[in-house]
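Here's the structure we're looking at; comments come further down.
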Amino acid sequence: MSNVNSQPVLKLDGVRKTFSPGTVDEVVAIDGVNQEVKAGDFVTIIGSNGAGKSTLLNLIAGMFPPEKGGKIHINGQDVTNLKEYKHAAYTGRVWQDPSVGTAKILTIEENLSLAFSRGKRRKLIHAINRNRRSLFKEALKPLGLGLEDRLTCPVGTLSGGQRQALSLVMATISQPALLLLDEHIAALDPTTAKTVMKLTSEIVNREKITTLMVTHDMDIALEVGNRLIMMHKGKVILDLNRKAKSALTISDLISAFEKASGDKFADDKVLLKAD
Amino acid sequence: MGDKLDILLNILSVSCYEGLAYGLLTIGFFLTFRVLDFPDLTMEGSFPMGGATAAALIVYAEWNPFLATLGAVIIGVLAGLITGFINTKLKVTALLSGILMMVGLYSVNLRIMSGSNIPLLRHDTVFDLAGQVLGLGKMGLAIAVAGAFALLAFLLLTWFLHTEIGLALRASGDNEQMVRGVGADTDKNILIGCAIANGMIALTGSLVAQYQGFTDVSMGIGIIVTALASAIIGTALFRPNRVITMLLACFGGSFIYRMIITVALRLGMSPGDLRLITSVMVLIALTIPLIQKLTRGEWVPPAPRL
Ligand SMILES: Nc1ncnc2c1ncn2[C@@H]1O[C@H](COP(=O)(O)OP(=O)(O)OP(=O)(O)O)[C@@H](O)[C@H]1O
Ligand SMILES: [Mg+2]
């Protein structure tokens with residue numbers, strides 16, 4: 001193995017985050033997380049409501065810095081105190097709400113062009129040209145949604161599923177070091193969710209992007225990816241590799257949770273599914 | 001009969017000149033309020049500042065009026081940069097940043113003019129210089145000069161708003177989270193947007209001052225409402241959804257708004273009444289959606305405070 005490959009893509013050291021410290025609203029959202037994610041890993045993250053999953057992704061994306069002493073490295077670079085827009089050079093993101101990942105007033109190709117410039121200096125040159133247009137078409141075709149023929153349509157005219165698929169392409173088109181997915185299929189209807197999840201696996205496998213995916217769907221968490229992390233009260237309480245998780249069922253997972261946390265598993269979305 | 005035609009032509013040509021000149025200002029308004037979603041009140045100060053700077057440079061410094069106009073634009077750009085700085089770096093809300101600038105610029109304008117007004121009567125303006133070359137009548141010249149500036153601004157902005165930087169700017173009023181997510185600096189977009197907007201607004205100020213032959217410190221009062229009225233009319237008529245239609249909507253909206261004002265004056269209203277007319281016009285336009293909802297028996301949410 002070469003040296004580059006053995007270096008973790010993501011390294012978290014003593015990462016903590018407290019909201020509203022020193023007030024009655026104080027919440028320790030992330031309570032000392034140390035993790036390494038290797039190149040090509042596809043990590044699924046589960047945990048009860050308020051476990052800190054979104055906060056962890058937000059920290060990695062640089063929405064706010066961790067508390068003093070914590071360190072975040074991406075590809076060996078210390079990104080702990082970089083501004084959010086500079087973090088974007090390393091990370092592509094898809095949010096739960098399809099409207100967050102795209103700009104509705106811009107056309108499909110303009111949205112893609114914005115994402116295409118990720119990590120590069122934006123210049124006073126035309127954002128769209130023939131080369132880029134054909135590149136965008138190539139990137140959209142595998143979705144099978146016909147978006148490649150609607151490049152000049154405003155994104156506001158797309159459905160939630162189409163917007164989410166576009167967000168996914170936008171998050172990956174400039175080959176980020178790390179793809180962060182925060183319940184990105186949770187707001188979609190079941191059929192669309194399935195399609196977008198399939199597209200996600202295809203893109204991640206094809207582009208070999210290191211990925212962290214938060215989900216409430218235990219089936220997906222067990223089935224997709226090569227590693228599963230469970231969080232509780234701001235801590236990682238369970239970390240399973242591909243082999244360990246392939247042997248598990250959902251009820252195994254829930255009892256493993258209850259054993260590791262000493263708590264009842266409380267996740268409104270999962271309970272709903274079990275009905 | 002001939003009289004009536006004359007009056008009609010006159011109304012049309014005055015509105016045409018004013019539509020072009022104030023269209024620049026409306027674009028400035030549109031850029032901040034709509035494109036950036038940044039309610040910038042700086043224009044109440046940067047509009048008269050454009051007039052004051054151009055007039056002071058022409059009269060006191062005896063600059064060529066075209067250079068003086070350029071000087072006015074640069075001063076407007078600086079004002080916009082300061083507003084953007086107050087908001088993005090000092091973390092003051094957009095609204096308050098603009099109000100602070102508007103109030104502060106009143107004093108600056110008095111200093112620039114060393115008084116409350118400057119007459120330009122015995123000095124050449126851009127219109128006079130253009131007249132020496134083109135030799136048109138007064139109205140024709142006004143339209144030609146304002147039209148040239150409008151065309152220039154139209155071309156430059158159409159180009160800029162389609163560049164990589166312009167695209168990020170247009171997206172940041174729509175979805176700031178996404179813009180940061182793809183690695184663009186939203187603070188920078190606000191700075192650039194405010195700078196361009198107030199440069200355009202100062203340009204209108206300098207043209208208006210040169211055309212009317214004087215500039216006055218109170219010239220900007222209420223200008224925000226006229227910009228809003230023009231933008232609302234333009235949006236209603238052109239339903240802009242891309243850059244070119246947006247720019248055309250600003251000129252078209254200003255043209256129609258100015259025509260309404262000119263007709264109102266012709267009908268014998270006093271200039272002092274115009275502000276009220278404008279406010280009522282805007283109020284009516286703003287309450288149309290409410291009336292539609294009420295007649296359809298729909299639920300009406302509480303009024304927004306910001
Ligand atoms: N911006 C914020 N301000 C204050 N508290 C916050 C903020 N964001 C998150 N929290 C708190 O931090 C804790 C962790 O929240 P987080 O959103 O990371 O949970 P999560 O695991 O993503 O939960 P869910 O499954 O409900 O999305 C919660 O107690 C939450 O209330
Ligand atoms: Mg969450």
Side-chain angles (χ1 to χ4, degrees), chain A residues 57-58 61-63 82-95 97-107 109-129 132 152-157 163 166-167 170-174 176 179-180 182, chain B residues 30-38 77 84 88-89 91 155-193 195-196 231 234-235 238-247 249-250:
Chain A
L57 293 206
N58 290 340
M63 247 165 107
L82 284 191
K83 283 197 175 152
E84 186 182 4
Y85 77 93
K86 291 199 168 154
H87 268 257
Y90 305 95
T91 52
R93 263 193 289 175
V94 183
W95 291 264
D97 180 352
S99 59
V100 181
T102 49
K104 61 180 179 306
I105 55 149
L106 299 185
T107 63
E109 61 181 6
E110 286 172 334
N111 270 280
L112 284 166
S113 171
L114 270 178
F116 186 69
S117 307
R118 176 198 304 281
K120 300 178 203 112
R121 212 185 148 75
R122 274 158 223 274
K123 301 198 205 94
L124 279 175
I125 55 167
H126 246 268
I128 313 276
N129 56 38
R132 286 188 184 182
T152 54
C153 283
V155 165
T157 63
R163 282 181 82 159
L166 177 62
S167 305
M170 288 172 63
T172 51
I173 196 165
S174 50
L179 176 62
L180 304 175
D182 191 354
Chain B
F30 213 96
L31 271 181
T32 48
F33 274 73
R34 296 284 165 80
V35 177
L36 283 178
D37 197 16
F38 186 101
V77 165
T88 59
K89 305 298 172 205
K91 313 292 178 195
L155 294 176
L156 278 175
L157 276 177
T158 304
W159 165 75
F160 172 72
L161 291 173
H162 284 106
T163 63
E164 290 182 346
I165 296 178
L167 212 56
L169 190 150
R170 278 198 285 146
S172 44
D174 183 18
N175 191 343
E176 259 196 316
Q177 178 59 66
M178 173 267 201
V179 171
R180 280 195 291 269
V182 296
D185 184 358
T186 45
D187 285 359
K188 195 170 104 187
N189 292 336
I190 295 215
L191 285 169
I192 297 175
I196 296 178
T235 313
F238 291 77
R239 310 228 152 267
N241 58 358
R242 39 196 69 213
V243 170
I244 292 185
T245 43
M246 174 197 108
L247 297 175
C250 289

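Side-chain atoms are counted along with the backbone in the values below, which use heavy atoms only and exclude waters and symmetry mates. Within every chain, numbering begins at 1; the chains are lettered A, B, ... in the order of the sequence lines, protein sequences first and strands thereafter.
Within the 4.5 angstrom heavy-atom criterion, no atom of A/A61 approaches chain B.
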Write out the donor-acceptor pairs between chain B and chain A under 3.5 angstrom, atom names and distance to 0.1.
from: B/H162; atom 1: O; to: A/A127; atom 2: N; distance (Å): 2.9
from: B/E164; atom 1: N; to: A/K123; atom 2: O; distance (Å): 3.4
from: B/E164; atom 1: N; to: A/I125; atom 2: O; distance (Å): 3.0
from: B/E164; atom 1: OE1; to: A/K123; atom 2: N; distance (Å): 2.9
from: B/E164; atom 1: OE2; to: A/R132; atom 2: NH1; distance (Å): 3.0
from: B/E164; atom 1: OE2; to: A/R132; atom 2: NH2; distance (Å): 2.7
from: B/I165; atom 1: N; to: A/K123; atom 2: O; distance (Å): 3.4
from: B/R170; atom 1: NH2; to: A/E110; atom 2: OE2; distance (Å): 2.9
from: B/D174; atom 1: OD1; to: A/K104; atom 2: NZ; distance (Å): 2.6
from: B/D174; atom 1: OD2; to: A/K104; atom 2: N; distance (Å): 2.6
from: B/D174; atom 1: OD2; to: A/I105; atom 2: N; distance (Å): 3.0
from: B/N175; atom 1: ND2; to: A/S99; atom 2: O; distance (Å): 2.9
from: B/N175; atom 1: ND2; to: A/V100; atom 2: O; distance (Å): 2.8
from: B/N175; atom 1: ND2; to: A/T102; atom 2: O; distance (Å): 2.8
from: B/Q177; atom 1: NE2; to: A/E84; atom 2: OE2; distance (Å): 2.8
from: B/R180; atom 1: NE; to: A/E84; atom 2: OE1; distance (Å): 2.9
from: B/G181; atom 1: O; to: A/R118; atom 2: NH1; distance (Å): 2.8
from: B/V182; atom 1: O; to: A/R122; atom 2: NH2; distance (Å): 2.7
from: B/D185; atom 1: OD2; to: A/Y85; atom 2: OH; distance (Å): 3.3
from: B/R242; atom 1: NH2; to: A/T152; atom 2: O; distance (Å): 3.3

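Residues A/A88 and B/V182 approach most closely at CB-C, 3.8 Å, considering heavy atoms. Taking every heavy atom of both residues into account, B/L167 and A/L106 meet most closely at O-CD1, 4.1 Å.
The most heavy-atom pairs under 4.5 Å with chain B, out of A/G101, A/G62, A/G156, come from A/G101.
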